[in-house]
Structure formats: C-alpha cells, structure tokens
Amino acid sequence: MPYNFREIEKKWNSFWDEYSVNKYDENKEKYYCLDMFPYPSGSGLHVGHWRGYVISDVISRYNILKGKYVIHPMGFDAFGLPAENYAIKMGIHPSITTKENIDNFRVQLKKISAIYDWDMELNTTDPEYYKWTQWIFEKMFEKGLAYEKEFPINWCPSCKTGLANEEVVDGKCERCHTVVTKKNLKQWMLKITDYAERLLEGLDKLDWPEKVKKMQTEWIGKSVGAEVDFLVDGFDEKIKVYTTRPDTLHGATFVVLSPEHKLSLKITTKENLSKVEKYIEEAKFKSNVDRMSVSDKEKTGIFTGSFAINPINNKKIPIWIADYVLSDYGTGAIMCVPAHDFRDFLFAKKFDLPIIQVISKSGVEEDLKEAYADLCGVMINSGDWNGRDVVELKNNAPYEIEKLGIGKKTINYKLRDWVFSRQRYWGEPIPIIHCKNCGEVLVPENELPLELPLVKSYEPTGTGESPLAKIDSWVNCKCPKCGMDAKRETNTMPQWAGSCWYFLRYLDKNNKNELISKEKAKKFLPVDLYIGGVEHAVLHLLYSRFWIKFLNDIGILDFDEPFIKLFNQGMILGPKGNKMSKSEGNVVNPDEVVEHYGCDTLRMYELFIGPPELDASWDENGIDGVYRFLNRVYNLFEEYRDKYIKENEESVYLRNSFIKAITERIERFSLNTVISGFMEYNNSFIEFAKKNGGIDKNLLKDFAILLAPFAPHIAEELYHMVSDKKSVFDEKWPTYKEELTKKNKITLPIQINGKTKVFIDVDINLQDQEIIKIARDAIKEKIAGNIVKEIYVKEKIINFVVK
RNA sequence: GCCGCUGUGGCGAAAUUGGUAAACGCACACGACUCAAAAUCGUGCGGGAAACCUUGUCGGUUCGAGUCCGACCAGCGGCACCA
C-alpha cells in the first residue's frame, strides 16, 4: 500500500501554519539563508526554479535542527522589461499583470512547503519599498556617485532602451539577444569605478565559487603599468599612452591613437587630412560588434603624417590612427612594440613598420617570426637597460620612468561606470528635478516615494526619450530649491536597482523612518548563504556588492560584503538535455508532480537528480525511485513501530555511521549523495529489522530527524510514530561518536603487486603483524616468487610486492 | 586565441586525504504473489568461457592511479584587440 502523501502533507502543512518550527530566541545564533528572489513571469514556476529553493530550504531546516534561528524570506523582483513587454502585448497594465503573477507565484511557492517567512514578503514595485531604492540613489547623488553624462551608450533597438556594459553579452542585448548599437544619450551614471579596487579586494574573503570570483575579477580587469608621455614632433602637444610593458619602451616603433582621440585630427598633416577624416568617419559608423568581429588579420589603420618622440631615446616614430585602439580604456592611445605584442606585430607587418627586438632569451637579436611575449629573457637594444632581466625590469620600470620624468606608474581597470537610466516605463522613477536655475535637484526626502504615475499609454518611444516624458502633468513641477517651473527626470532605473539591497529590507519592511534599523542590521546580517543561478555573476552580484559597500560607507551598515557564501545551483534541463522553454514544449510543471507524487518526493528527487552545482536532465522515471524509497521508509516504520528491540552492537554501529554519513554529506553540499545515503541505510535498516525481528527505536527516531530537512511532511509523520514531542523540528540534530562508526570485523582486500586477489575477514583490534600473517597465509598459494615488501594500510588494504 | 569546468556501465551517478571502480537509483531480465495484469517482494545486471581486461586518448610517478604529473582529443561555460 503506498503511503497517503496527500493526507499526510495536508495534515502537517496546517499544523505548521499554527505551530512555528523556527522559533526566535535571542540566545540562538542566526542563520540567514537567502534565495535569489524571482522575477514573477506569466508562465509560472517550473521544476528548474524548485531546485534552488529546495536546496535553500534543506539548508534552512538543517540549521533549525542545529539550533539556529533561521531567516528565510521570499519576495519578488517585479520591475523590469519582461513585465512591461508582457503587459504591452496583452494590453493590460503592468501593475495588474505583476500583481496577478505574484499571486500565482505565491500559490506555487507554497507548494514547495519551504519555511519561508511570508510576513517578510516584499516586492520591488511597492512604493513603500522603492521609496528606499530612490533614497539610496539620492544618497549616491549627494556623495557625487550619481552623475549625468552624454556619450554613445549601448542601445538595444528592440527593447528601445540604453543598457549597461554588463547587460551586453557578445555584442547582444542580455535580455532579447538583439545586436546592440550605439546611441548618443544623456544618461544617469553610477560611479561604480570608484569602488573597483574594493570590489576586487573584497572577493578574497568570500566563500564563493571560484568561477564567479574569477568572472568578477576579470570584469573589473585591473592592470598595473605606466603612463608615458610622447611629444609630438612639430606640435605643441603630447600624447599620453598607457602601457603595461614600460620595460619594452626602447622597442616602441610607432604610436597609435583611437579614432575618437582628441588629438587625432589636430596632429594630422595637411596631406593626410582627407584620408584620416574619412577613416574616423567610417569608424564612427562601425558598431561595437563590427569592431570586435574584425579578426587580428584584418587590422585597419591610417598614418597621420606626424611623428612622436620616444622619450627614452628621442627617436622619431610615426603616429597612426586605428580602430583597434579603444577610446575609453587607458588614455585612448598606445605605444606599439611589435617585437613583443601580437597585435602590434600584425599591424607592423601589414603596414611595413619597423620591428625592434628588446627582449631576448638567448641574449642576442633573433629573427622573429612572431611577437615574443614571454616574460623570460634579458633586455637588448635598450640603452642603459641592456642586460637586465625582463621580469625585474617590468616591475621596476614604472618607477624608473617616473624618476626620468617621462611618465608615471598607473593602474587601470576595465570596469566602466554603470549606465543607470532606462528609457522605459516600468521602473523606479529617478528622483531628480531639472531646474534651469539650480540644475539637477533631488526630490526632497520627505516627498519620497516619488511614485510612478499610473498611465494608459506606456509604450517605449524608441527615440531615447522615456514614455514618462509625454505625461506633462507629471513632468512639469516646481523646483524644490527655488520654486521656479522645472521638469522631472523621466528616465527610470534599471531592473537591477531594486535587487541590489532587497535582502536588507526583508528584515524591517515596515520601518517608515529608516531603510533598516541599526539593531536589526547588526543582529541578522549579512546573508550567510545565498543561492541562485550563475547568470548574475557580473550583474546583480557585482551591483549589489557595490551598493552594500556604499551603504557601509555612509554608516547604514557595519559590514561591506552582503553574501558570505554563494552557491550556484545547476540548471534543470529537459529530458533530452536542452533548456526548458515554452518554445521547446519541454517545461515540466512542478504542480503536476506534486499532485502525482507529493511534495516530499519532488523535493527529494530535485536533489537526487545529480550534483547540485551541475546541470541535470529531468527524467520522469527517476521520480519513481524516490517515491518507492519513501514508501519503503513508511512501511518500515509502520511494520516495526511497536516491535522494538534493545540496541545492540550492530544497531549502534548503523546509527552512528548513518548520522556521520548524512551529516558529512550535507556539510560538503553533496546533497545528491545524502539521498543515496538515505536509500542505502534504509535498505540496511530493513535487513536489520528482518534479521532481528524488530528494530532499535533510536534508529527510527534519528532516521525521522535526519530526514526532516529533506522530506519534512513524511518525516514529521514518522517522527510522531516513535516520539511524542510536538514537532520533529523541536529535536536537535543527532550526533555520533567516531569510534562507534566502525565495525569490529572488516573485510580486508589482499593484493599482490597492486592487484586484488582475495579478501579476509579480520578483527581490527588485532596487531598489525597478526593481520599481515593472516593475509600471508590466505594468499600463500597465489604467490609465485618472494615477497620483497609488505604494505599494510590500516583498515584499508594489504599489498604484497612479489618478485 | 586565452582562461575555467567536465569526460566513469544501456542511463542518472558514487568513490573526503592515492588503497576492493561502478555504492544508490533508473531501465532491463528472470523468479515469487495473482486466473491475469499492475503494485509489491526476491535474484541477476561493465566486458570475457577463463586467466584477466575496464574510468576520453597516449605517456609518466608510485607497492598501488578515476584520483597526482605531462602531452593530446571531445563537450560545455566565461573572456575576447583592455595595450
């Protein structure tokens, strides 16, 4: 008879509604276990969402049983493009669809039976919430970290809005995969670059996947080098170049400016002017993608006709313009050392420019077939620097250049400031008023939240202007400073704004006066474990670290890293190994699985499917295995609930090794093998019970407790068969004694020359020599030759080396 | 191109620090129960008759390698003219 999961799950769900299993107590240690809150789409949750939520719930419940007070909230990241696009398509206002979707998500989420504290629920589109998102923006503005700038930004022609660098993937819009173009727009920017160094350093102390740390490190892209000044021959101008290899300065044979460089036209000679103008004009029309897709072989460039003076040796070298030099990195100009840089080498070959070797492995000049970029060798053709080791010189050159007065040590980052305005409707209004007299003025704090006006028409204009610009009644206002007629900022914030800090607000969502109270922040933050997909590695996770560091700087928080440990769960793929999506028609709805097998089975299967950090294919058949297992557990309890025997050597061993196995596997996040462990030990317990005609009651009790984080309903039911406390979660996580996790008699494999030949059963308490003797006797006939060595690894293996 | 991850039965996978490769489960086969089927329970299940062989390929270190080292191959992911 299969166990009645419907009745059991219903029963305990209503019990938990009344009886809190996660009781707050001042003396308890806190544990903040956070899920990346979902964006409430119209299509609802699928089994992929469940994976992360189950993991976080298991860890939460495990920590409750370890005696901690667990903070485990849930909310909704509801602003943003998808909601707006969906609303436009359906002709329903996003505020309505968002509310409907959230209601649906909440119902679905409750089916997971996660111990979310629904009193903490929030959503980013609630004015009471985004009041504080706006407030943080205002603080940033006050500190000079939010500023306006007009420049060619990434523009998605399909989403009709500007994008941050982080939102451009492979030259395409992160959201809709349309090729991104450039558009000159006045934008609100956040100075994340001010935090580049701290964002980099902070990674060291985080317990995050190396992959994510690496992605952020590379995104921040720190490099150490020098700026060197090159005078322009015949002009009263100098070109600053940035190089990471000042040691190769003697090998610089030309200088290249980016087409956008301010000196490009100025230093071009008359004869070359028309050609150069044409080249610069063409570069302007090349989108980023075009510029990137040009392979190394097809470098383009044009000679200006002018020459620069290499400051280290006063040699005249030509100045070129080429679009492979980026205008917004370093100084927008480079010195080229073709002998030791692959790109410069190709450029020099193509345009027949001189190549001077300055580093040599052998110490003499060689015939270079390609750039020699290894950091190995000594300097040649380098004046005073000749004979010095390249690694040593590379480290010291920035300082030596500084002494010579021709440049200085410089650090550069690839990270750019965050383009923060969106030309779309469904986002937080930026609380700024443009006044002719006073310039940019903040909406006064007591007027926050600045609410998004409810309007009928909110389609994106595509012109670079926000749809809010059309609402005269909203746009026109008085300047809070001087009282004159003024206009509101009409751009909105990007989706990422609300998610930068939501985990703070869960803890104090009704606080009218502060973003979060000092006491609560101190008591419950930071987040101990953050679980979500890897796709936010350089988006949400970077932005959020930035905001938290800022809030730390202005004294709101006393920590500066939001998430101590990060775990990225793998994706759930369709049965054929491809992404679950509506268009593929392979989306598995968890509600149906719950209906068919119950919540506990689905929870267990989500973990059993494979290592939690790897992608896994959904396999309908695999669920049956978990379902059968839970039935067998139920039957074991049913059959033996009043047939108890006293504990014996074997039951003590089983119990201790079981607790050890499950605990260790949870601790190292090997949740798939926890489920395997349950199955394996369940089989052992059944065997034990059959053999002994009964079971050790402690075995059943501990089984129910260990199972509770994973399959809470059935565990609660089973627990009540063997105990009379109110809830299994009032128990403590069982402990074990190491010495009791071992059997006295073990089977020892005996090898000859590393190949297993026989097994012996021995008492581990015997002396080593005695065990080896037994082994030697057991294997006597199989030995052909003399034993030259005996290796005994305690309780593991015996190997005889025979010759 | 550079960096990272992964590669183990028909399938999902296991094997903390080198120590019985394939635990646990799926699928499959046979048996028990049944008039029969489903469910359940039991047995078997990498290859080979066996000696033995087997963790992507080739080599190395070691008494002993899925695990460590070197070279390569394949798949996935990240970065991609950042000077």
Side-chain angles (χ1 to χ4, degrees), chain A residues 1-2 169-171 209-212 214-215 217-219 221-223 225 241-245 248 252 256 258 291-296 298-299 322-326 328-337 340-344 346-347 412-416 534-535 537-538 577 605 608-611 613-626 628-629 631-632 635 661 664-665 667-668 670 672-683 686 747-759 787-803:
Chain A
M1 264 283 280
V169 178
D170 260 342
E210 285 307 315
K211 183 184 169 175
V212 177
K214 195 154 191 173
M215 281 168 76
T217 303
E218 278 170 10
W219 192 260
K222 179 180 182 174
S223 77
V241 306
Y242 172 69
T243 177
T244 55
R245 298 297 304 276
T248 62
V256 181
S258 69
R291 252 165 103 157
M292 283 191 325
S293 66
V294 174
S295 72
D296 288 347
E298 291 173 78
K299 284 206 179 350
D323 64 7
Y324 83 89
V325 178
L326 306 172
D328 58 351
Y329 179 78
T331 60
I334 60 170
M335 65 172 214
C336 294
V337 185
H340 306 291
D341 181 282
F342 293 105
R343 295 151 302 180
D344 299 347
L346 291 169
F347 196 82
N412 259 304
Y413 301 91
K414 290 187 199 172
L415 185 70
R416 309 291 147 85
V534 74
E535 65 273 15
V538 289
Y605 181 64
F608 189 55
I609 194 165
E613 68 280 7
L614 299 182
D615 293 352
S617 286
W618 192 257
D619 174 11
E620 203 71 43
N621 291 322
I623 305 172
D624 288 320
V626 172
R628 281 178 208 146
F629 156 72
N631 274 301
R632 280 199 290 264
N635 290 336
E664 284 184 350
R665 290 171 195 193
E667 288 293 335
R668 69 186 149 94
S670 180
N672 53 326
T673 63
V674 171
I675 311 303
S676 301
F678 279 131
M679 291 171 168
E680 187 186 343
Y681 277 92
N682 184 46
N683 293 342
I686 292 170
T747 302
L748 207 58
I750 314 300
Q751 298 184 330
I752 298 175
N753 294 335
K755 296 222 156 68
T756 306
K757 297 291 178 183
V758 294
F759 299 96
I787 297 174
V788 294
K789 205 171 176 186
E790 295 170 347
I791 294 141
Y792 173 43
V793 183
K794 230 178 168 25
E795 292 159 36
K796 283 264 162 77
I797 204 159
I798 295 178
N799 189 13
F800 294 110
V801 184
V802 173
K803 267 191 183 151

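In what follows, chains are A, B, ... by sequence order, proteins preceding strands, each numbered from 1. For clarity, every value in this text was computed on a predicted model and none was experimentally measured.
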(request) Find which nucleotide of RNA chain B each of A:T243 and A:V169 is nearest to by heavy atoms, and output the residue with the more 5' nucleotide. (result) A:V169
(message) Are the side chains of A:F800 and A:K757 in contact, using a 4.5 Å heavy-atom criterion?
(response) no
(message) Just the rounded figure in Å: distance from C1' of B:A80 to CE of A:M215.
(response) 13 Å
(request) Using the side-chain contact (heavy atoms from CB on, under 4.5 Å) rule, take A:Q751 and A:I791 through it: C-alpha gap first, then chi angles, then the decisive distance, then the call. (result) CA-CA 9 Å; A:Q751 298 184 330; A:I791 294 141; over 6 Å; no
(request) Can you tell me the pairing partner of B:C5 across any strand shown, Watson-Crick or G-U wobble, with both distances under 3.5 angstrom? (result) B:G75
(message) Any residue in residues 789-797 of chain A with a heavy atom nearer than 4.0 angstrom to RNA chain B? Just list them by number, or reply none.
(response) A:K789, A:I791, A:V793, A:K796, A:I797
(request) Figure out the CD/C1' separation between A:E680 and B:C24, and round it to whole Å. (result) 7 Å
(message) If you only use heavy atoms from C-beta on, which nucleotide in B:U20, B:G25, B:C63 is closest to the side chain of A:F759?
(response) B:U20
(request) Please determine, for the side chain of A:P749, which listed nucleotide (B:U20, B:C81, B:A83) has the closest atom? (result) B:U20
(message) Taking 4.0 Å as the cut-off, does a side-chain nitrogen or oxygen of A:R632 come that near to OP1 or OP2 on B:G25?
(response) yes
(request) Verify the contact: side-chain N or O of A:N683 to OP1 or OP2 of B:G25, cut-off strictly under 4.0 Å; return yes or no. (result) yes
(message) Heavy-atom nearest nucleotide on RNA chain B for A:D341 versus A:V626: which residue maps closer to 5'?
(response) A:V626
(message) Students often get this wrong, so: under 4.0 angstrom with heavy atoms, is A:K757 touching a base, only sugar-phosphate, or nothing?
(response) sugar-phosphate
(message) With heavy-atom distances below 4.5 Å as the criterion, would you say the side chains of A:V626 and A:F678 are in contact?
(response) no
(message) With heavy-atom distances below 4.5 Å as the criterion, would you say the side chains of A:Y324 and A:I334 are in contact?
(response) yes
(request) Dump the intermediate steps for side-chain contact (heavy atoms from CB on, under 4.5 Å) on A:N753 and A:V801, then the final yes or no. (result) CA-CA 5 Å; A:N753 294 335; A:V801 184; 3.7 Å; yes
(request) With P as the reference atom in both, quote the distance from B:C5 to B:C69 in angstrom, rounded to an integer. (result) 11 Å
(message) Base, sugar-phosphate or nothing for A:F629? Non-hydrogen atoms, less than 4.0 Å.
(response) nothing
(request) For nucleotides 27-33 of chain B, just jot down a letter per nucleotide in 5' to 3' order: B, S or -, based on protein non-hydrogen atoms under 4.0 Å. (result) S------
(request) Can you tell me the pairing partner of B:A32 across any strand shown, Watson-Crick or G-U wobble, with both distances under 3.5 angstrom? (result) B:U40
(request) Test for a donor-acceptor pair under 3.5 Å between the base of B:C52 and the side chain of A:K755, counting only N and O atoms. (result) no
(message) Just the rounded figure in Å: distance from C1' of B:C81 to CG of A:D328.
(response) 13 Å
(message) Could you tell me if the side chain of A:E218 sits less than 4.5 Å from the side chain of A:V538, heavy atoms only?
(response) no
(message) Could you check whether A:Y605 and A:D619, counting side-chain N and O atoms only, form a donor-acceptor pair closer than 3.5 Å?
(response) no
(request) Using the P atom as the reference point in each nucleotide, state the distance between B:U17 and B:C11 in Å, no decimals. (result) 26 Å
(request) Tell me whether the OP1 or OP2 atom of B:A83 has a side-chain N or O from A:Y329 closer than 4.0 Å. (result) yes
(request) Rounded to the nearest angstrom, tell me the gap between atom CG in A:N753 and atom P in B:G64. (result) 8 Å
(request) Hunt down the Watson-Crick or G-U wobble partner of B:C63, both distances under 3.5 Å, from any strand shown, or write none. (result) B:G19
(request) Rounded to the nearest angstrom, tell me the gap between atom CZ in A:R665 and atom P in B:A23. (result) 13 Å
(request) Report which part of the nucleic acid A:R416 touches: base, sugar-phosphate, or nothing (heavy-atom distance under 4.0 Å, all strands). (result) base
(request) Take the protein atom CG of A:L326 and the nucleotide atom P of B:A80, then report the distance between them rounded to whole Å. (result) 11 Å
(request) Quick one, give me the B/S/- string for nucleotides 3-16 of chain B, reading 5' to 3', where B means a protein heavy atom under 4.0 Å from the base and S means that only happens at the primed atoms, P, OP1 or OP2. (result) SS-------BSSSB
(message) Less than 4.5 Å apart, side chain to side chain, heavy atoms only: is that true for A:R416 and A:D328?
(response) yes
(request) Specify the separation, in whole Å, of atom CD of A:Q751 and atom P of B:G64. (result) 10 Å
(message) Taking the C1' atom in each of B:A50 and B:G56, what is the distance between them to the nearest angstrom?
(response) 29 Å
(message) For the C1' atoms, the ones on B:A22 and on B:U8, what distance do you get once it is rounded to whole angstrom?
(response) 8 Å
(request) Would you kindly give the CD1-to-C1' distance between A:I750 and B:G64, to the nearest whole Å? (result) 14 Å
(request) Go through the steps for A:N683 and A:R632 under the test side-chain contact (heavy atoms from CB on, under 4.5 Å), then give the verdict. (result) CA-CA 9 Å; A:N683 293 342; A:R632 280 199 290 264; 4.3 Å; yes
